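The structure under discussion appears below in the form of structure tokens.
Given the structure is predicted, the values throughout are model-derived calculations rather than measurements.
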Amino acid sequence: MTTPVALTIAGSDSSGGAGIQADLKTFAALGVYGASAITALTAQNTRGVTGIHAVPAEFVTAQIDAVFSDLEVGAVKIGMVAQAASIDAIAAALSRWKPGHIVLDPVMVATSGDRLLASEAVDALRKKLMPLASVITPNLPEAAALLDEPVAASEAEIENQGRRLLALGCGAVLIKGGHGEGAESTDYLVDSEKTIALAAPRVATRNTHGTGCSLSSAVAAGLAKGETLELAVRNAKAWISAAIAAADRFSVGHGHGPIHHFHKFY
């Protein structure tokens with residue numbers, strides 16, 4: 001019996017709703033063993049981020065090397081990278097270990113609106129991590145920021161931005177539509193051959209903390225289990241939609257509460 005393993009390289013969320021904690025919950029909920037390499041500690045809760053303490057780049061490298069030298073990693077998810085030095089370390093380590101699947105979630109801003117990536121590091125993320133990624137998973141504002149363009153307002157604009165992101169070297173682009181308008185939240189999976197629109201009813205809840213982290217981790221979990229990218233994305237979309245729909249079962253914090261990662265179990 002082979003145990004599917006996924007590694008998350010991301011920041012820690014002290015309130016447990018996003019980042020490393022959300023990634024590990026997602027892997028567990030989807031039947032995948034989760035390992036982690038922490039890039040930053042954050043002091044945060046459902047109301048916002050009050051502090052960020054970056055992990056030294058050489059220790060990020062040490063964590064990644066420790067995992068890969070012992071565990072059979074099926075997929076990697078990259079979330080909050082915090083600083084340019086960490087991006088260099090991650091790019092070098094993954095180029096050495098060459099995992100089969102890399103899901104890059106270009107985390108720039110938290111649900112609360114707090115910035116999580118230094119502005120001078122955006123170019124490094126674009127040039128050094130995106131070309132390594134099997135798929136990147138920006139939301140609408142992140143896709144626009146990566147291209148230095150206004151936020152896309154129509155399906156045609158979203159697809160065009162997806163194509164331009166694809167030209168930066170990643171294998172595929174999943175643009176998340178949670179920040180859009182309308183009765184449905186539609187994500188767009190763009191690769192070299194086609195664009196697939198994945199729609200789900202938009203849920204009226206403020207408890208969406210960790211949604212982006214968890215969706216990208218769900219995609220990585222599917223890839224670690226041997227699913228194709230399209231199947232992994234479809235399954236991740238269905239799972240995250242159910243997790244958001246069940247979020248109001250929780251009463252956690254006084255701001256944007258977490259989604260319900262274990263909605264299938266309780």
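No side-chain heavy atom of Thr26 sits under 4.5 Å from any side-chain heavy atom of Asp23. With contacts defined as side-chain heavy-atom distances shorter than 4.5 Å, the pair Trp97/Val76 does not qualify. Using a 4.5 Å cut-off on side-chain heavy atoms (C-beta onward), Lys128 and Val81 make no contact. When side chains are defined from C-beta on, Glu155 does not count as touching Thr195, because their heavy atoms never get closer than 4.5 Å. Residues Gln161 and Val173 are not in side-chain contact: their nearest non-hydrogen atoms beyond the backbone lie 4.5 Å or more apart. Contact of the Ile196 side chain with the Glu230 side chain is registered, since non-hydrogen atoms from C-beta on lie closer than 4.5 Å. Using a 4.5 Å heavy-atom threshold, the side chains of Ser134 and Leu229 count as separate.
No donor-acceptor pair closer than 3.5 Å links the side chain of Asp65 to the backbone N or O of Phe68. Although no hydrogens or angles enter the test, the distance criterion places no donor-acceptor pair under 3.5 Å between the side chain of Thr42 and the main chain of Ile52. In this structure, His256 contributes its side chain and Arg206 its backbone to a donor-acceptor pair below 3.5 Å. Panel note: side chain Glu142, backbone Asn139; a donor-acceptor pair is recorded below 3.5 Å. Judged by distance alone, the side chain of Lys237 and the main-chain N or O of Thr186 form no donor-acceptor pair under 3.5 Å. Looking at Thr46, its side chain never comes within 3.5 Å of a backbone N or O of Gly257 through a donor-acceptor pair. Formation of a donor-acceptor pair under 3.5 Å by the Asp105 side chain with backbone atoms of Val107 is not found in this model. Without hydrogens or angle criteria, Thr50 side chain to Ala43 main chain gives a donor-acceptor distance under 3.5 Å. Put simply, the side chain of Lys176 gets close to the backbone of Thr137: a donor and an acceptor are under 3.5 Å apart.
Closest heavy-atom contact between Val151 and Glu157: O-OE1, 4.3 Å. Between Ala247 and Asn207, the closest heavy-atom pair is CB-O, 3.4 Å. Looking at every heavy atom in both residues, Ser214 comes nearest to His261 through OG-NE2, 2.8 Å. Contact between Gly17 and Pro258 at its shortest, heavy atoms only, is CA-CB, 4.1 Å. When all heavy atoms are compared, the tightest approach of Pro138 to Ala143 is CB-N, 3.6 Å. Residues Lys225 and Val32 approach most closely at CG-CG2, 3.7 Å, considering heavy atoms.
Enclosure of atom CZ in Phe250 by more than 12 non-hydrogen atoms of other residues, nucleotides or ligands within 6.0 angstrom is indicated. Other residues, nucleotides and ligands place more than 12 heavy atoms under 6.0 Å from the CD atom of Glu149.
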Next item on the list: Report the C-alpha separation of Val55 and Thr39 in whole Å, then their side-chain angles, then the decisive distance to 0.1 Å, and conclude whether the side chain to side chain contact (heavy atoms under 4.5 Å, CB included) test is met.
Entry: CA-CA 5 Å; Val55 173; Thr39 59; 5.6 Å; no
Checklist line | Chi angles and distances behind the side chain to side chain contact (heavy atoms under 4.5 Å, CB included) call for Ile64, Arg96 | finding: CA-CA 11 Å; Ile64 296 171; Arg96 260 197 332 275; over 6 Å; no
Notebook entry, point to check: When you look at Lys77 and Cys213, which way does the side chain to side chain contact (heavy atoms under 4.5 Å, CB included) test go after all the steps?
Noted result: CA-CA 9 Å; Lys77 174 263 171 78; Cys213 304; 3.9 Å; yes
Next item on the list: Dump the intermediate steps for side chain to side chain contact (heavy atoms under 4.5 Å, CB included) on Leu140 and Ile175, then the final yes or no.
Entry: CA-CA 6 Å; Leu140 289 168; Ile175 299 184; 3.7 Å; yes
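Distance CG/Leu165 to CG/Asn160: 11.0 Å, rounded to 0.5 Å. Remark: Leu7 CG to Leu71 CG distance equals 9.0 Å, nearest 0.5 Å. Summarising the geometry, atom CD1 belonging to Ile240 is positioned 9.0 Å from atom OG belonging to Ser217; distances are rounded to the nearest 0.5 Å. Atom OG of Ser14 is separated from atom CD of Gln21 by 7.5 Å, given to the nearest 0.5 angstrom. Rounding to the nearest 0.5 Å places CG of Asp13 at 11.0 Å from CG of Leu41. Taken to the nearest 0.5 Å, the CG atom of Asp187 stands 6.5 Å off from the CG atom of Leu198.
Under the 4.5 Å side-chain heavy-atom criterion for ILVMFWY residues, no single connected hydrophobic cluster contains both Phe27 and Leu215. Clustering ILVMFWY residues whenever any of their side-chain heavy atoms sit less than 4.5 angstrom apart, transitively, puts Val252 in the very cluster that holds Tyr266. The hydrophobic clustering, which links ILVMFWY residues whose side-chain heavy atoms are closer than 4.5 Å, places Leu104 and Ile90 together. Under the 4.5 Å side-chain heavy-atom criterion for Ile, Leu, Val, Met, Phe, Trp and Tyr, Val135 and Tyr188 are members of distinct hydrophobic clusters. No continuous path of ILVMFWY side-chain contacts below 4.5 Å connects Val219 to Leu132, so the two sit in separate hydrophobic clusters.
Using cut-offs of 30° and 60° on the angle between ring planes, the pair His263 and Trp239 is tilted.
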